[in-house]
Protein chains: 2
Amino acid sequence: MSEMSSETKKDPLFTGTLAKGIRILRAFDEQNVRLSLAELVQRTGLEKSAVQRLAHTLHREGMLNKDPVTRRFSPSHAWLELAYAYYWSDPLIARALPRLIGLSRTIGETVNLAQMSGDHIIYSLRLPNQRTHFAASIVGRRLPAIATAAGRVMLSTWPEAEADRAIDLWPIAPMTPKTVTDRDQIRADVRLAAQNGYAMTRNQMILNEVSIAAPVHGVAGPAEAAVQVSLSAHSYDETRIQEEILPALLDTANGILA
Amino acid sequence: MSEMSSETKKDPLFTGTLAKGIRILRAFDEQNVRLSLAELVQRTGLEKSAVQRLAHTLHREGMLNKDPVTRRFSPSHAWLELAYAYYWSDPLIARALPRLIGLSRTIGETVNLAQMSGDHIIYSLRLPNQRTHFAASIVGRRLPAIATAAGRVMLSTWPEAEADRAIDLWPIAPMTPKTVTDRDQIRADVRLAAQNGYAMTRNQMILNEVSIAAPVHGVAGPAEAAVQVSLSAHSYDETRIQEEILPALLDTANGILA
DNA sequence: ATAAGCCGTATTGTATAGTGATACATGAGA
DNA sequence: TCTCATGTATCACTATACAATACGGCTTAT
């Protein structure tokens, strides 16, 4: 009767109530920061009664704050505690963090650790500087993988067939007028990254931004992650990048291997 | 029949299934990073069948990874996405971040933003340096409020009766041999913080660590948060702290007011 | 002023969906 | 080879989540 029929079709271990509750948590994002009951109904597509019950439960469990006057829900500190648990669970984080800090001190520019997450990348560590704008300063941000230097350099370590499939099928969300949407151009860029051992993009997310990424290799096979640096094109010409940034970046990424 | 009878007693809006699912998420922490079904049963106190169903659902919803060979569950990237949403939801974060970065550059030492969360503080922003150890580098960490400089300086802005109650009742978890557990001593320290406008502790979490915190005031009334700096007692004597650290710290904390 | 909407909250009969017990399968250790 | 612990699958039962609806407070329009 609903649109989830195909997904839910006879999985006797699937508990719909919990899934709905998770959908409520997921309704919050950078544009939806404080949601009323009615807005939650709209964003989740659930029944008003269901949202009432589930949001109430999440509130009582400490997962949602509720403003006593506006009656709006918002994320609670528990969401940060979950991030804390995540950080401990991923061994890459502890290996990468001290080296990223070193890189950040050396070059004095924004440094990130990105991981592949489906067809997106997700930033799991970020070391912003004062010029970095807010969205680029906080962890957990997702971007379409093949539209980013980090995503491309990771793909460049994949078996060619899989990488090609990804380049053909994965989404691209144009962020600036200069965002590349031509998949053959992306394919060429991934090939180039395979040769160079790093990937570089310009003006893809923000105008006048140069993004450079190097792969973090696992024991063998595809890259586990990528170390990525953002620079202003105004401050860094090609030779400065080659001489000041790249050696330090590649050194950092290689050092994380463990 | 279960131990939740007092909590659940007749709240017709409370959905137990969702609450149980949340308990599964909460079972992961810094010491429990990768949990088997049996361990989840043990840690949550739920029935094996329930854990089987709920963990399966969380896995299908992308909230838990499942290692195909060890069959263990672990936090997924979605946990970082939730943190991302939290960061956008709390307006203090965007106000504080650039100033914290500035402070970090100025003094070259570890800088944190802490907020009150029940009877604990939680670190919501952290700017570590290379010497910072891992647990002190990642957001979402909670510590007993009255055992920390940040917690005490926030309490020092509370109405005296409430602060006294907190000092009497809130938990203290001794972390080092020198952790202060005498509540009258803590009370004196809070009073001193009220006079000075900052709080300082030594050897409370780690030996030879000096922790200094200044309050971030709201429009009026109690502090919204605290800016906190960690130093090595070996590198900073009292006069260096007074001259090099405190002015910058207080300036930063005051500047966040907005 | 009054009415109409909208929204959050409370209530209730009903059947569905989660429950818990149990059985089965697999792999590790003794 | 046996035993035990653990993960997975199945199933009858009924407790529990469900959707509909009613109520009351607040804002907006007329």
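Naming convention: chains lettered A, B, ... in sequence-line order (proteins, then strands); numbering from 1 in each chain.
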Nucleotide C/dG8, atom P - distance to CG of A/L35 in whole Å: 11 Å

For DNA chain C, the residues among residues 68-75 of chain A that have a non-hydrogen atom under 4.0 Å from it: A/R71

For atom NE2 of A/H56 and atom P of C/dA10, their distance in whole Å: 9 Å

Spacing of OG belonging to A/S76 relative to CD belonging to A/E61, to within rounding of 0.5 Å: 11.0 Å

Side chain to side chain donor-acceptor pair (under 3.5 Å) against B/Y87, all qualifying residues, sequence neighbours excluded: none

Any A/K20 side-chain N or O less than 4.0 Å from OP1/OP2 of D/dA17: no

Residue pair B/R141, A/E81: steps toward the salt bridge (charged side-chain N to carboxylate O under 4.0 Å, His left out) verdict: CA-CA 7 Å; B/R141 183 157 142 105; A/E81 294 171 46; over 6 Å; no

Between B/T57 and A/T15, a side-chain donor and acceptor under 3.5 Å: yes

Any N/O donor-acceptor pair, B/K48 side-chain to C/dG20 base, under 3.5 Å: no

Pair B/W88 and A/F28, ring centroids less than 6.0 Å apart: no

Side-chain donor or acceptor of B/W79 paired with backbone N/O of B/M63 under 3.5 Å: yes

N-O pairing of A/R43 and A/D29 below 4.0 Å: yes

Phosphate OP1/OP2 of C/dG18: any A/T17 side-chain N/O under 4.0 Å: yes

Whole angstrom value for the distance that separates C1' of D/dG7 from CG of B/D67: 14 Å

Value in whole Å for how far the C1' atom of D/dA17 lies from CG of A/L46: 13 Å

Terminal axes of the helix from C/dA1-D/dT30 to C/dA30-D/dT1 (five pairs each): angle between them, nearest 10 degrees: 40°

Step-by-step side chain to side chain donor-acceptor pair (under 3.5 Å) determination, B/N65 to B/H77: CA-CA 9 Å; B/N65 295 332; B/H77 285 147; over 6 Å; no

d(CG, A/L13; C1', C/dG18) in whole Å: 11 Å

5' precedence on DNA chain D between B/T15 and B/E39 (nearest-nucleotide basis): B/E39

Sugar-phosphate, base or nothing in reach of B/S49, heavy atoms under 4.0 Å: base

Polar side-chain atom of A/R99 near backbone of A/G255 as donor-acceptor pair, under 3.5 Å: yes

Shortest side-chain distance from A/R53, nucleotide among D/dC18, C/dG8, D/dG7: D/dC18

Side-chain donor/acceptor contact of A/E47 with base of D/dA20 under 3.5 Å: no

Distance, rounded to the nearest Å, where A/R23 contributes CZ and D/dA17 contributes C1': 15 Å

Upstream residue (5' side of DNA chain C) when A/A38 and B/L54 are each assigned their closest nucleotide: A/A38

Integer-rounded Å distance: D/dA5 P and B/L40 CG: 19 Å

Along DNA chain C (nearest heavy atom to each residue), the more 5'-positioned of A/L37 and B/A50: A/L37

B/R23 side-chain N/O to B/L46 backbone N/O, donor-acceptor pair under 3.5 Å: no

Side-chain N or O of A/S36 closer than 4.0 Å to phosphate OP1/OP2 of C/dG8: yes

Rounded distance (Å) that lies between atom P of C/dT11 and atom CZ of B/F14: 18 Å

